[in-house]
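Step one of this worksheet: look at the structure below.
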Amino acid sequence: MNRVFKSLVAVSALLLTWGCQTKKEDNNAWFYRALDKSVAQVKLAANQYQPGANPRSIEPDGSVRIAGIKDWTCGFFPGTVWYAYEISKDKELATKAEKLTEALEPIKNFTHTHDLGFMLYCSFGNGYRLTKNEKYKEVILKGCESLSSRFNPNVGAIRSWDFGPWQYPVIVDNMMNLEMLMWASNNGGDKKFRDICVSHANKTINNHFREDYSSYHVVSYDTITGKMISQGTYQGYADESAWSRGQGWGLYGYTYMYSQTKDPKYLEQAKHIAKFIMSHPRTPKDKVPYWDYDAPNIPDAPRDASAAGVIASALLDLSQLVEDGQNYFDYAEDMLKSLSTEQYLAEPGTNALFVLKHSVGALPKSSEIDVPLNYADYYYLDAMVKYAKLKNMPLKK
Ligand code: GLY
C-alpha cells in the first residue's frame with residue numbers, strides 16, 4: 001500500500017512538473033515567435049543593404065529612405081543586426097554587422113552634431129559588447145572626444161543642433177548620449193565625460209520638464225549666462241504638448257543616470273516620467289502610445305512604435321533599480337506583447353524588410369508618418385533581449 005501511494009505521489013509530481021513546463025512554454029510562445037520573425041526579417045535586410053547606406057524608413061512613394069553616414073539614424077541598422085546575431089548566433093549576421101559598423105568609423109570625428117551616441121554606441125557599442133574588438137572601443141572613445149567638444153560649460157549642457165533659430169538648442173533626445181559618455185568614462189576615456197553627463201542631466205531636469213513630468217522637446221540657452229531662453233518643440237504637436245518619443249528619451253536617460261550614479265534625484269525623475277506614461281488617460285489599451293499625448297485627433301492619431309520600444313527598454317531597466325519594480329516590468333511586457341502582434345510586427349519579406357510597422361518620425365514636418373523606422377526596430381530588439389535576460393530565458397529555444 002505504502003509503495004502504491006509513493007508511486008502515485010511520484011507520478012503526480014511528474015505530471016505537475018510537465019504541466020508547469022508546458023504552460024511556461026506556452027506563456028513564452030509569443031516571445032520566440034516574435035524573435036524568429038524578427039531575425040528572419042533582419043537577415044533578409046542584412047543581405048539587401050550595403051555598408052554605409054542603411055535603411056531608415058519608407059518614403060511616401062514606397063521606396064526605402066536610406067541613411068548615409070551623416071544621417072542621425074545610421075547606427076540603428078548595424079545595431080539591429082548585432083542584436084539579430086546575439087539572438088540567433090548566426091555567424092553570417094556577425095560578419096554583416098561588422099561591415100555595417102566599420103563603414104561608420106568616420107563619424108568618430110564629427111563635431112557638427114550631437115547624435116554621436118545613437119550613431120556610434122548602437123553600432124560600435126553593441127559590436128564591442130559582443131566581440132570585445134578593441135578597435136571598436138577606440139572609435140567610441142574618439143567619438144566621445146568629438147561629442148564632448150559640444151559641451152559649453154557656461155550652459156552646462158551639450159549643444160544639440162547647429163541649425164535653426166535657437167541660440168543654443170538642447171533637445172530631450174540628447175539624454176541618450178549620456179550612456180556612451182558614461183561608458184567611455186568608465187572604460188579608459190576621459191573622466192570629464194562623467195562630469196559632462198551629470199551637468200547635462202541636471203540642466204535638463206531643471207529646464208526640460210513641466211510640473212506633470214512631460215517634457216519640452218527643445219530648450220534654448222544663452223551661451224554666456226547659461227540662462228534658459230525658450231522652451232518649445234520641433235517634432236511634437238505643440239510647444240506645450242507631450243511628444244511621446246521625448247518621454248521615452250527622458251525616461252531612458254534618467255533611468256540610466258540613476259543606474260550609474262545612484263543619485264536619488266535621477267531615480268525620482270525616472271519614476272515620475274514613468275508615472276506620466278503609465279497613468280496617462282490617453283494611453284491606448286495596447287499601451288503603444290499615440291505619437292504625441294496631446295495629438296488633436298486621438299483616437300485616430302498615428303501610433304509611435306518607436307516610442308513604445310524605447311519606453312519598454314527603459315522600464316525594464318527601471319524595474320531592476322527599485323524594490324517594487326514588478327509594475328514596470330509588467331508594463332514593459334505588455335508593450336512588447338503588443339509590438340509582437342501582427343498589428344505591429346511584420347511578416348518576413350513584407351514591410352520593406354523593417355521589423356515593425358507604425359511609427360512616426362516628425363509629423364509636423366510631414367515626414368515619416370505611420371511608417372517603419374530603423375530606431376523602432378532597434379529599441380524593440382534591445383528591449384526583447386533585455387526581457388529575456390531578466391526572465392532568465394534563453395534567446396534561442
Ligand atoms: N532624435 C530625433 C528623434 O527622436 O526623432
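As the structure is a computational prediction, the values presented were derived from the model and not from experiment. Start at 1 and go down the list; that is how both ligands and their atoms are numbered. Values below: all heavy atoms of this structure, side chains included; hydrogens, waters and symmetry mates excluded.
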| said: Test your reading of the structure: does Trp243 have an N or O sitting under 3.5 Å from an N or O of ligand 1? | reply: no

| So, Phe124 versus Tyr136, ring centres under 6.0 angstrom or not? | yes

| field | Pair Ser313-Asp382, side chain to side chain donor-acceptor pair (under 3.5 Å): steps then yes or no | value | CA-CA 7 Å; Ser313 177; Asp382 171 73; 2.5 Å; yes

| task | Considering only Ile, Leu, Val, Met, Phe, Trp and Tyr, and joining two whenever side-chain heavy atoms are under 4.5 Å apart, list the other residues clustered with Ile298. | result | Tyr290

| Going by the order shown, which atoms of ligand 1 are within less than 4.0 Å of some heavy atom of Asp173? | 1 (N), 2 (C), 3 (C), 4 (O)

| query | Salt bridge between Lys265 and Asp263, side-chain N to carboxylate O under 4.0 Å? | reply | yes

| task | Consider every N or O of Arg245 and every N or O of ligand 1, then say whether any pair is closer than 3.5 Å. | result | yes

| field | Those atoms of ligand 1 less than 4.0 Å from some heavy atom in Trp249 | value | 4 (O)

| message | With a heavy-atom distance limit of 4.0 Å, tell me whether Tyr234 approaches ligand 1 through its side chain, its backbone, both, or neither. | response | neither

| task | Sequence neighbours left out, what passes salt bridge (charged side-chain N to carboxylate O under 4.0 Å, His left out) with Glu92? Give chain and number order. | result | none

| request: Work out whether the distance between some heavy atom of Trp161 and some atom of ligand 1 is less than 4.0 Å. | output: no

